[in-house]
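First up is the structure itself, then whatever we jot down about it.
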Amino acid sequence: MKRYSLSVLCKGECKTVLLKAAYDGSSFSFSQRPSVQEFMTFTSPLMVERSGKGSRASVKEQEHLCHVYVRNDSLAGVVIADSEYPSRLAFSLLEKVLDEFSKVDRVDWPAGSPDTTQHTGLDSHLSRYQNPREADPTTKVQAELDETKIVLHSTMESLLE
């Protein structure tokens, strides 16, 4: 399970503006990284433009999933991850990031850019949420339950033999 990008955007009337983004291209070769980042930079505003305010959506593109969440105040977030990454965790991350980001001055949103936006938390969120087990208590409990179930089944099979 891997997350590749986390972007915060402002959905304007005419155009969507990228406010801040964080990328992790470590799973791609050095020569592929610029084109992959360009794809993610292009895809994020496109996803937001095609989504209505107050909506959430997940779109599959080959082996990747693009999760988009557009709030009613025009602030939007996009997570691009592989298809194994849990959707619930992606949307909870987007909600958390957008809540933190909404503390940035709203006047700057429509005319903002990644260079002028004063928010530094995206890189830390991108790295922290790479492992769903560590980031989400529910996912951690579910994984422990799955492991317990496997042990229980093997014990029952041994007992029946």
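Here the side chain of Lys11 pairs a donor or acceptor atom with the backbone of Val48 at under 3.5 angstrom.
Shown here are the side-chain contact (heavy atoms from CB on, under 4.5 Å) partners of Ser51, two or more places apart in sequence or in another chain: Ser55, Val68, Val70. Residues passing the side chain to side chain donor-acceptor pair (under 3.5 Å) test with Asp146 are Gln142, sequence neighbours excluded. Under the side-chain contact (heavy atoms from CB on, under 4.5 Å) criterion, Lys149 pairs with His153, not counting sequence neighbours. Every salt bridge (Lys or Arg N to Asp or Glu O under 4.0 Å) that Glu95 has, sequence neighbours left out, goes to Arg56.
Grouping Ile, Leu, Val, Met, Phe, Trp and Tyr by side-chain contacts under 4.5 Å, direct or through others, leaves Leu160 on its own. Within the hydrophobic cluster formed by Ile, Leu, Val, Met, Phe, Trp and Tyr side chains joined at under 4.5 Å, directly or through other members, Phe42 is accompanied by Leu46.
Smallest separation of non-hydrogen atoms from Ser154 and Val151: OG-O, 2.8 Å. When all heavy atoms of Ser44 and Ile80 are compared, the pair lying nearest together is OG-CD1, 4.1 Å. When all heavy atoms of Cys66 and Thr43 are compared, the pair lying nearest together is SG-CG2, 4.0 Å. For Tyr4 against Met40, the heavy-atom pair with the smallest separation is CB-SD, 3.6 Å. When all heavy atoms are compared, the tightest approach of Ala57 to Phe91 is O-CZ, 3.4 Å. Here the closest non-hydrogen pair linking Leu75 and Phe101 is CD1-CD2, 3.8 Å.
Taking the side chain as every heavy atom from C-beta outward, Met47 and Val59 approach each other to under 4.5 Å. In this structure the side chain of Leu94 reaches within 4.5 angstrom of the side chain of Leu6, judged on heavy atoms. Proximity of Ser83 to His64: side-chain heavy atoms (C-beta onward) are nowhere separated by under 4.5 Å. Taking the side chain as every heavy atom from C-beta outward, Leu65 and Tyr85 never approach each other to under 4.5 Å. Here the side chains of Leu9 and Val17 are not in contact, with every heavy-atom distance at 4.5 Å or above.
Under the 4.0 Å criterion applied to side-chain N and carboxylate O atoms, Asp99 and Arg71 are assigned as salt-bridge partners.
Remark: His67 NE2 to Lys60 NZ distance equals 10.5 Å, nearest 0.5 Å. Atom CD1 in Ile150 sits 11.5 Å away from atom OG1 in Thr155 (nearest 0.5 Å).
In Glu38, the CD atom is not crowded: 12 or fewer heavy atoms of neighbouring residues, nucleotides or ligands sit closer than 6.0 Å.
Lys20 and Ser7 form no side-chain donor-acceptor contact under 3.5 Å, judged by distance and modelled atom types alone.
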